Structure formats: C-alpha cells, structure tokens
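Just below is one structure, and these are the notes that go with it.
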Amino acid sequence: MSQHPYRTHTCNQLRAEHVGQRVRLGGWLYRKRDQKHQVFVDLRDHHGVTQVVFDESTPALTERVRDLRVESILIIDGEVVRREKPNDKLATGEIELKALALTVDSEAAELPIQVAIPKGESDRDGEELRLRWRFLDLRRERLHRNIVVRDVIIRAMRDHMHAEGFVEFQTPILTNSSPEGARDYLVPSRVHPGKFFALPQAPQQWKQLLMASGFDRYFQIAPCFRDEDARADRAPGEFYQLDLELAFATQEDVFGVIERLYQKMPDLVAPHLPDRPKKRIQQFPFPRLPYWEVVDRFGTDKPDLRFGLELTDVSEAVRGTGFGLFADALGKRDGRVKALRLPGLGKDGKGAARRLEKAVKEKGYGGLPHLIYTAGEVDGSLKKALTADEVARIKAATGAEADDLVVFGFGSRLQAAKVLGEVRLLVGREQNLADPTLLAFCFVVDFPFYELDDEGKVQFSHNPFSMPQGGMDALNGMDPLEIKAYQYDICCNGVELSSGAIRNHRPDVMYRAFELAGYSKADVDREFGHMIQAFRYGTPPHGGMAPGVDRSIMIFLDEPNIREVVAFPKNQKCQDLLVNAPSFVRKKQLDELHIRIVPPEGVDVQILP
RNA sequence: GGGGCCGUAGCACAAUUGGUUAGUGUACCGGACUGUCGAUCCGGGGGUUGCGGGUUCGAGUCCCGUCGGCCUCGCCA
C-alpha cells in the first residue's frame, strides 16, 4: 500500500464510516491524558482534533508519547476504532485512533505561552507576549479561526467584485508622496541620492488614473501605509482597504456594489462561528442619511443606529435666555442648544450627571450642564440658571418625565451635538442598549463641501477632489458653506468603515473649487499637476470608496481590537515584536543610501558595524 | 505629544489596604492510576514583586523618577 509520508487524513476527517481502516495522521500534541497503562492524546491540526489512544499492546510507543511535551509534531499510524463512549464535543468523537506506529517529527521545547487554555482562563495573555510568540498565539482556537474567517471575507470580496464586473489591479508600492493628509513612509533611493519614494497612503491617484485610462471598474485589496498612531480600530503603519472605483457612476452605483457585498457576509461567516448567534442586518437597503441629519440626531457622523436616545434641539425653547453660555451660543451663526433626555438617570440625584460630566471632560469637553426632572421641583446644575418657563419648554421639547436626566450641549451646530453624541454612546454602552447581533449599516451622504477654519476662512471640509453637488453653477452661485459634496461614508454600529466620493474630474471645476478655498491656479498646478494633466484628455465621471478590510472583519467577528483579526500585527508603537522591526541597520547600508542619522536629543541611536 | 490604567514564578492571577517564611491555578520535573476526554490524585523545583531612589522599626502595598505594555485624546480617508 502506498502511503503519504505525513498523513492520509486530517484531524477532522475520521468518522464511524472509517472504522477498521488503517490511516496516518499528522499534527500537534494538543493535550495528553496519562493513565500509565494507556495514554490518550488529542492530536490537533488546522482542521480539528482526533483522539489517539496508546495502550499496552504497544508499550514502547506508550512510553515514548508519555515523555513528549505538548505541541510536538507527531506522525501517527493507527487503526480507526469505534469509541464505546463517544465524545460529542469533538466532530471526530465517534471514533479514536489506536496507535500502531509513532514518528516524532519535531519535538517542542517548553512553551512560553500555552496553546491549550487552562479551564476558566482567558486566551488573552499580555499583548506583548502574544505578539512576540505570535506563531503560538495563532495556533489557539479563536485567533486561528479569526484568520480563517478573514480569508472567507476577503475571498467573498474578490468573488463579489468580479461578479459585479470589476477588474483587480496592482498599483505601485514604491510611489510618490500623494495629497492625502497623513505622514508618509519614505524609502530612500540608492540610485538617486537625496531622493525618496513614498509608500502609498492609499492608491487614490492610481485608481483615478486607471479611470482616465479607460478601465471601467477597478478594485484592489490594497495595502495602505500611514505613519500615524494607533487606535483600537486602526492599525499603526499598515492596513488593507477594499479599494474600488467605477466610471460613469453615480453615488448610488457605488452604494449598490458595497451594500450587496455586505449583505452576503452574515451568511458566509455564520458557518464558521457555530457557537454564536448569526448577525442580522438591521435595514436593507442601507439607509442613506444626510450628514446634518445624523449629526443633529446622534451627535456624530458615524452613528450607532442600533438604539435610540436621539438628541433634541432646544434652541427655540431657550431663545432669549438669560443664561450666558446658552445666549452666547445662540448669538453665533448657526449656534444651537441641544438636549439629550436620559430616562431614569435622574433617579439617584446628581450621581449620573457627575459621572457623565467626568467622562466627557476626559475627552476634552468643557462640561455637561444638566437638569433633573422630579415629581416636584426641578434639580440639577441649571436649576437656577433657567427660568421656570424655559424648564417647562425643555420638558415639552424632550418629553422628559420625573426621574429623567437631561444633559445639554451648546455652541455651533456641530459642537452642541458632539458632546451629547459622546454621552449617548456612553449610556448606550452602560445600559447595553445595542443588540450585539445587529449590523446597522448606513450611508452618510451630503457632507458639506466647505467649512470655516479656526480663522473664519473657507476651507475644504473633507476631500478637495470630490465633486461639489451642482458643479460649476453651485461654485459660482451659492454660499460656499451651503454647498454639499458628493462625499459619503459608510458606517456600521458606530464605526466608520470607509469614506468615498464622486470625484471632481473636470479641471475647470477643480480650479474654481480650489480658488474659493484660496488656492491659485498655479498652486493647484504645482501640487496636483499630474492629475489635472490626465483629466485634460478626456476622463469619464467616476467615483468610488475604499472600505477598511480589517475593520470590516472586526465587525463581522465582533472583535474589539484590530490585532485580533490580523495574523502578524504591530503593537501600539508600530513595532513588530516577532521579527524585531523596525531595527537599526549597518553602516554600509546607510552609506549606500547616502544617509546620515541625526538622532533627536537624548535618544540613543546605534549603527551596526 | 497629553491623560488614564497596569507591571508579583514560563503564563494567568492572589496577597487582610504598611506587618511572620509572598500564595493559588496552569506549565515544568518525579510518582500513582486500565477508558480518559479542559482527566484525577500525591510530591518537587521555580521569585532581586519591571528598574532606581525615598518615607518607615518594617514596603509587593505609600511617595518621586524611569522603562515597558494597553486604553484614550491629539493626529489620521
């Protein structure tokens, strides 16, 4: 009988139907239960676990396996036998392998972190250790499965994009500095002393050039590099986007592609997560919500739509107030006073208000004035500042009842809402208002094209290369601050998955748009000349977006940290603790690159010989 | 760069809120056990409590500094 040198089956294949067969399994020694005369071994591979029994009929093997440490690689020949007492926790639990021959292919040293998690303990050791010994961490069930589901999701993205008529591209990694806002990673050129490549922050310019090149639908699982600090949902240094761009496309065309993709995901992912309830999409098609509507209602441009607690505008209820802070706010252009009613949170006096105020102050807000409605007198920090009429009108506007806490935000339309948006999220989290099995996607549309900067000057509010709604007529005829952009986000459960835009592909409109923001034609030509140049020779209208791949996977896997869905992530300081990167380099390497190191003061820099 | 939390055995955690020889689980080493299955039972080794100062009769515990990690804000399509 010819036999594969390492295995005839995986550790998740053998069933009752194989009983009596002689097979060979290869895998890791996962767990060992030693009973002296016989030793039970759980053999694990990528696919699953099979129990192997070493008994008195093969004393030498039993002796050998007893001495092995867990995580050693074993190649075991044996006979598939039916188990008297099946183990319904294992997919292979009907059978076991009676060992007849054993090869120890790779003996494991004592482990720095354990792969088999002790009963009752978490599989999340210290991050530093997990990253240093990532290949061990990746053997553990949850992380291993996350990486597999990552593949399921990425493959679904590729399949979907091809099915929708997209062509996959690769664009340069060694490229130039492009007009996104983040810090670039620079790569020195050996051949051109003093010159540098930049790693792409996104393939933005390339995909637009491909549109100009006549390709109809572009996509790429695109690596992006930005030298910015980490967040829980943002990897430092590098991450991936599902980058896509469509020619002759409207905003709705772009939305359709993404919405149909995400619609499929819960069904694709669920079979890999049998221990959890399947995710449900709250609303399909995804709601399209104008920017100012979500800011007004939820206090953020990335709303968590899984629960209510919406904000109320009480500007009219307090107009003419003698309370200085509110009066000042209302005196400004588009100034507002907004309220958030928190049912029942006034029951225990001022405790909740103080706690919430402390939390928003930690986020850098000035404070959180509040009222507590009771059966009798109103209480709270604004009790004396507001008149009885004002208090009554606020009650009517917010629908507040006895025991309710009402907190206030004031200032510009955005400022007034933002602080309450933070409170809304805090309370939503404390009270578990969001159903964790829901996926509440939405498109946020109609972002303002311009805004006022700190000095009161008109500035682009987001991407200067998006198309203003109304085009040239709007730029020439409207108050710039009223112009909306074909600029949009997709959000889910309070996380921004992507921005996107219908691009400005018309040089005349682009010059005018920049002119309103104070840039001359010469400025534009100098900074973005090659793009404008391309657009002068016939470029179709086009637009797209670029959902974060890692973030999308987090959402479907319910992982709170991006490192749980990336095989080899960097730590918060953008170091790779497994391969020790970044690292110092040899003098010869620096010489070849014509580079000299000038260390910051007090920092010890080494140059290797 | 700012703020918060944390740092005790290979790993995960405890230690009466300043008081005896720093414990428990797991891992490791040895022993017992013929159906275990996150095995069980018995025994053993393993610690400069991140590091450096300070307060105190006495510091894992309090104070200052420093290093490291995580979270968060700034930053960031």
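Letters A, B, ... mirror the listed sequences (proteins, then strands); counts begin at 1. Bear in mind that the values here come from a model prediction, so they are computed numbers and not experimental data.
Taking only side-chain nitrogens and oxygens, A:Gln572 never comes nearer than 4.0 Å to OP1 or OP2 of B:G69.
Rounded to whole angstrom, the span from the CG atom of A:Asn580 across to the P atom of B:G68 amounts to 14 Å. At whole-Å resolution of the value, CD in A:Glu238 and C1' in B:C76 are 16 Å apart. Summarising the geometry, the separation between OH on A:Tyr365 and C1' on B:G74 is reported as 13 Å, rounded to the nearest angstrom. When rounded to the nearest whole Å, the span between OH of A:Tyr185 and P of B:C76 equals 15 Å. The interatomic distance linking A:Leu577 (CG) with B:C70 (C1') rounds to 13 Å, in whole Å. B:U72 atom C1' lies 13 Å from atom CG of A:Asn561, rounded to whole Å. Between the CZ atom of A:Arg140 and the C1' atom of B:A12 there is a distance of 10 Å, rounded to whole Å. Rounded to an integer number of Å, the gap from A:Ile562 CD1 to B:C70 C1' is 16 Å.
With both ends at atom C1', the span from B:G2 to B:G74 equals 8 Å, rounded to whole Å. B:U16 and B:G7 are spaced 14 Å apart, taking the P atom of each and rounding to whole Å. If you take atom C1' in B:A15 and the same atom in B:A9, they sit 15 Å apart, rounded to whole Å. Spacing of P atoms, B:G25 relative to B:C6, comes out at 26 Å, to the nearest Å. Taking the C1' atom of each, B:U49 and B:C62 are spaced 15 Å apart, rounded to whole Å. Here, B:G46 and B:G68 have their C1' atoms 24 Å apart, quoted to the whole Å. Comparing B:A22 with B:C64, their P atoms sit 28 Å apart, to the nearest whole Å. Remark: the separation of the C1' atoms in B:G38 and B:A12 is 15 Å, to the nearest Å.
Among the atoms of the strands shown, only primed sugar atoms or phosphate atoms (P, OP1, OP2) are found under 4.0 Å from some heavy atom of A:Glu128. Within 4.0 Å (heavy atoms only), A:Arg563 reaches sugar-phosphate atoms of the nucleic acid but no base atom. Residue A:Gln487 is classed as a base contact, given a heavy-atom separation below 4.0 Å to a base. Across all strands, A:Arg183 comes closer than 4.0 Å only to sugar-phosphate atoms, never to a base (heavy-atom distances).
Nucleotide B:U17 is shown with a syn base, its glycosidic torsion being within 90° of 0.
Checking B:G10, B:C75, B:A77 against the side-chain heavy atoms of A:Gln114 singles out B:G10 as nearest. The side chain of A:Lys573 lies closest to B:G69, out of B:G69, B:C75, B:A77. Here the nucleotide nearest the side chain of A:Arg226, chosen from B:U26, B:C76, B:C71, is B:C76. Checking B:C75, B:C76, B:G68 against the side-chain heavy atoms of A:Ala182 singles out B:C76 as nearest. Closest contact between the side chain of A:Pro112 and the listed nucleotides B:G74, B:C70, B:G10 involves B:G10.
By the 30° and 60° cut-offs, the orientation of the rings of A:Phe514 relative to A:Phe528 is tilted. Using a 30° and 60° split on the angle between ring planes, A:Tyr291 and A:Phe447 fall in the tilted class, from 30° to 60°.
For A:Phe255 and A:Phe443, the ring centers are positioned less than 6.0 Å apart. Taking the centre of each ring, A:Phe54 and A:Phe40 stay at or above the 6.0 Å mark. Ring-centre distance between A:Phe460 and A:Tyr450: below the 6.0 Å cut-off.
Along RNA chain B, the nucleotide nearest to A:Gln575 and the one nearest to A:Arg234 differ in position, and the one closer to the 5' end is contacted by A:Gln575. Positionally, the nearest nucleotide of RNA chain B for A:Leu129 lies more toward the 5' end than for the other of A:Leu129 and A:Asp229.
Salt bridge status for A:Asp304 with A:Arg424: absent, with no side-chain N to carboxylate O gap under 4.0 Å. Taking the charged nitrogens against the carboxylate oxygens, A:Glu141 and A:Arg44 have no contact shorter than 4.0 Å, which rules out a salt bridge. Between A:Asp446 and A:Lys484 there is no salt bridge, since no side-chain N of the basic residue sits under 4.0 Å from a carboxylate O of the acidic one.
With 3.5 Å as the limit, one finds a donor-acceptor pair spanning the side chains of A:Gln35 and A:Gln38. A side-chain donor-acceptor contact under 3.5 Å links A:Gln220 and A:Thr171.
Judged as a salt bridge (charged side-chain N to carboxylate O under 4.0 Å, His left out), not a single pair has a partner in residues 79-89 of chain A (not counting sequence neighbours).
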**Q.** Structure string for RNA chain B in dot-bracket form, Watson-Crick and G-U at under 3.5 Å, | interchain
**A.** (((((((..((((.....[...)))).(((((.......))))).....(((((..]....))))))))))))....
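Distance alone, capped at 3.5 Å, places no donor-acceptor pair between the A:Arg33 side chain and the A:Val41 backbone.
Interface remark: the A:Arg231 side chain does form a donor-acceptor pair with the B:G74 base, using a distance-only criterion of under 3.5 Å.
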Q.
Protein within reach of the bases, or only the backbone? For nucleotides 28-37 of chain B, mark each nucleotide 5' to 3' as B, S or -, using heavy atoms under 4.0 Å.
A. SS--SBBBBB
